[in-house]
Amino acid sequence: MARERKYAMIIDTKRCVGCSACVYACKSENDVPEGFCRDWIVQRVEGTFPNLKMLNRSERCQHCEDAPCVTNCPTGASYYPGDGTVQIKRDLCTGCKACMAACPYDARYIHPKGYADKCSFCQHRLKDGLKPACVTVCPTKTLHLVDLNSNDGEAEKLMEGRTVTQDKVHAGTKPKLFWLA
Amino acid sequence: MVEIITNKLNPQVLPHLDVWNWEVPVYLFLGGLSAGLLVLASGLLLLQKGGVFSHTERGPFSYAVKAGSLLAPILLGTGMFFLFLDLAYKVHVWRFYTAFVYTSPMSWGSWLLVLFFPLSVAQALVVNREWFQKFTFLKPIINLTEKYLNLIAMTNVHLGAGVGVYTGILLSTFYARPLWSSAILGFVFLLSGLSAAAALIMLLAPENEKLMFSKIDMYLISLEGFATTLFIVGGITGSENVREAMIYLISGNYAPWFWVVFVFGGMILPLMLETLESLKKVKFSPIVPILVLLGSITLRFVIVFAGQEFPTFA
């Protein structure tokens, strides 16, 4: 049997220029309806001129290890497929929005067709051995999909010597997006 | 200077989560009211003169038992209709019943409601026998239920309490909305539902039963007031996250609704008037139960709306 994967994403904020290519690649790959998005860019500027600091961050579902959306879903529509991601079975979803209320990262939205929708790490592409659309399209190689259960050393190499931050760790969901600064 | 710009455009989460509108607080109010009615009606059915737990010559409280038993499933059904209106994927509503997810309060609630309906309807049919026995197809159900009425009423007391608590803890497991992540919210909503139920019976019942419900409501409001105090204390002594959310509730945009309509109008004022009524200093006024009911529905609106406006901090 193949070993279980544990997908995570490492995002290098020093490389990100905030071009939003990841957002539009995702929208086209996953038929995200107009006015909605599965990933987004946050740009944070701080300081006083001329000492300004800018941070660009590509954000999406954190594919938490202890995901409150899965815990609170009353129908089992949100689930762990066993590869470290969190996915949604649309035919089980009632659109009750418990997952949206439970998510500390506001990663979900209700698709106009009625079901909850969010980033899937492009699971359909992973199955074909491809990388997610956002990772593939990123012109500055900011985004890296890694398998934390693998011993290829990719994640360790990316994080070596860098400041690694995670968002809202206090929420206790064990998020799996890592930002490098 | 710190400036944050985002092209995050999902309309339901920007500028803050806005997924539950008026339908959900109305459902939580009707669910709590209906649960309270079932607890009171079933409890009195057992306690009143001739009941299996009877130790008093009081009663029978025929109006409260009859109307409470009948209104409980009707109001819950109405509440569930509003819940249904809120679902984004309405044709999948039956999916609540193809799974039992023990970590999800909503799943527990869905299955509790499945028990609530047949048991409360069965009790309503028996205690309102004189209306329903003319429908011959109901007779076998009435006869069967009558045999087990005590057992059903005993179950219904606990079932009602369970549904009452559920209307609160439905919100409690969402850490992402720190105002809601308080376990005592279940108790606040249960007591508010019981008090609203006593108020509704007070409003509808004939003169000879009104005064007793005024007294019951007086005690329930007192408990509700202290449970609310604990909810506030738990919030402001909590983590930074929870504390800020509680400060927002008690001093933010919803503070006038919380303090004036819920705390003063829905608890303090009716408590004073009910005490005076019980002392026979003032005559019974329908304004009292109406104030309690208004306070009870306001509580649901304020908690649901203020909770959504205060997400967990970054």
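Numbers restart at 1 for each chain; the letters A, B, ... are given by sequence-line order, proteins then strands. For the numbers below, each heavy atom of this structure counts, side chains included, while hydrogens, waters and symmetry mates do not.
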Quiz prompt | Residue B:Trp108 excluded, over 12 heavy atoms near CH2 under 6.0 Å | solution = no
Practice problem: Give a yes or no on whether A:Lys157 atom NZ has more than 12 heavy-atom contacts from other residues, nucleotides or ligands under 6.0 Å away. | Solution: no
Quiz item: Considering residues, nucleotides and ligands other than A:Arg162, do more than 12 of their heavy atoms fall under 6.0 Å from its CZ?
Solution: yes
Exercise. Measure the OG1-OH distance between A:Thr173 and B:Tyr175 for me, rounded to the nearest 0.5 Å.
Key: 10.0 Å
Exercise. Side chain from CB out, backbone as N, CA, C, O: work out which of these in A:Arg57 comes under 4.5 Å of a heavy atom of chain B, or both, or neither.
Key: neither
Practice problem: Rounded to the nearest 0.5 Å, what's the gap from SG on A:Cys96 to CH2 on B:Trp20? Could you check? | Solution: 7.0 Å
Practice problem: Could you look at A:Arg60 and say if it's the side chain, the backbone, both or neither that has a heavy atom under 4.5 Å from chain B? | Solution: neither
Quiz item: Looking at CE of B:Met106 and OG1 of A:Thr94, how far apart are the two atoms once the value is rounded to the nearest 0.5 Å?
Solution: 7.5 Å
Quiz prompt | A:Leu92 side, atom CG; B:Arg95 side, atom CZ - distance, nearest 0.5 Å | solution = 4.5 Å
Quiz item: Taking everything shown except B:Tyr248 itself, do over 12 heavy atoms lie less than 6.0 Å from its OH?
Solution: yes
Quiz prompt | Over 12 non-hydrogen atoms of neighbours within 6.0 angstrom of CH2 in B:Trp259 | solution = yes
Self-check item: Segment of A:Leu52 engaging chain B (4.5 angstrom heavy-atom cut-off)
Solution: side chain
Quiz item: Going by heavy atoms in the side chains, are A:Asp106 and B:Leu17 under 4.5 Å from each other?
Solution: yes
Self-check item: Contact class of B:Ser110 relative to chain A, heavy atoms under 4.5 angstrom
Solution: neither
Quiz prompt | Contact origin within B:Trp94 toward chain A - heavy atom pairs under 4.5 Å | solution = neither
Self-check item: Pair B:Ser104-A:Asn72, side-chain hydrogen bond (donor to acceptor under 3.5 Å, both in side chains): steps then yes or no
Solution: CA-CA 4 Å; B:Ser104 157; A:Asn72 282 286; 5.5 Å; no
Exercise. Please flag which part of B:Trp180 lies under 4.5 Å from any non-hydrogen atom of chain A: side chain, backbone, both or neither.
Key: side chain
Practice problem: Count the heavy atoms of every other residue, nucleotide or ligand shown that sit under 6.0 Å from CG of A:Asn151, and state whether that count exceeds 12. | Solution: no
Exercise. Count the heavy-atom pairs under 4.5 Å between each of A:Ser20, A:Gly47, A:Gly18 and chain B, then report the option with the highest count.
Key: A:Gly47
Exercise. Please report the closest heavy-atom contact between A:Pro74 and B:Ser107, naming both atoms and the distance.
Key: O-OG, 3.4 Å
Quiz item: In Å and rounded to the nearest 0.5 Å, what is the OH to NE2 distance from A:Tyr115 to B:His92?
Solution: 11.0 Å
Self-check item: Atom pair OH (B:Tyr89) and NZ (A:Lys97), whose distance is rounded to the nearest 0.5 Å
Solution: 14.5 Å
Quiz item: Side chain, backbone, both or neither: which part of A:Asn56 has a non-hydrogen atom closer than 4.5 Å to chain B?
Solution: neither
Exercise. Quick one: which of A:Thr71, A:Asp39, A:Val169, A:Val23 has the most heavy-atom pairs under 4.5 Å with chain B, could you say?
Key: A:Thr71
Practice problem: Answer with side chain, backbone, both or neither: which region of A:Lys53 has an atom nearer than 4.5 Å to a non-hydrogen atom of chain B? | Solution: neither
Quiz item: Where the side chain of B:Gln12 meets the backbone of A:Ile110, is there a donor-acceptor pair that is under 3.5 Å apart?
Solution: yes
Quiz item: Testing B:Val19, B:Val13, B:Asn10 for side chain to side chain contact (heavy atoms under 4.5 Å, CB included) with A:Tyr109, which one passes?
Solution: B:Asn10
Quiz item: Based on non-hydrogen pairs under 4.5 Å, which of A:Cys73, A:Ala101, A:Cys103 is most in contact with chain B?
Solution: A:Ala101
Quiz item: Are there more than 12 heavy atoms of other residues, nucleotides or ligands under 6.0 Å from atom CZ of B:Phe100?
Solution: yes
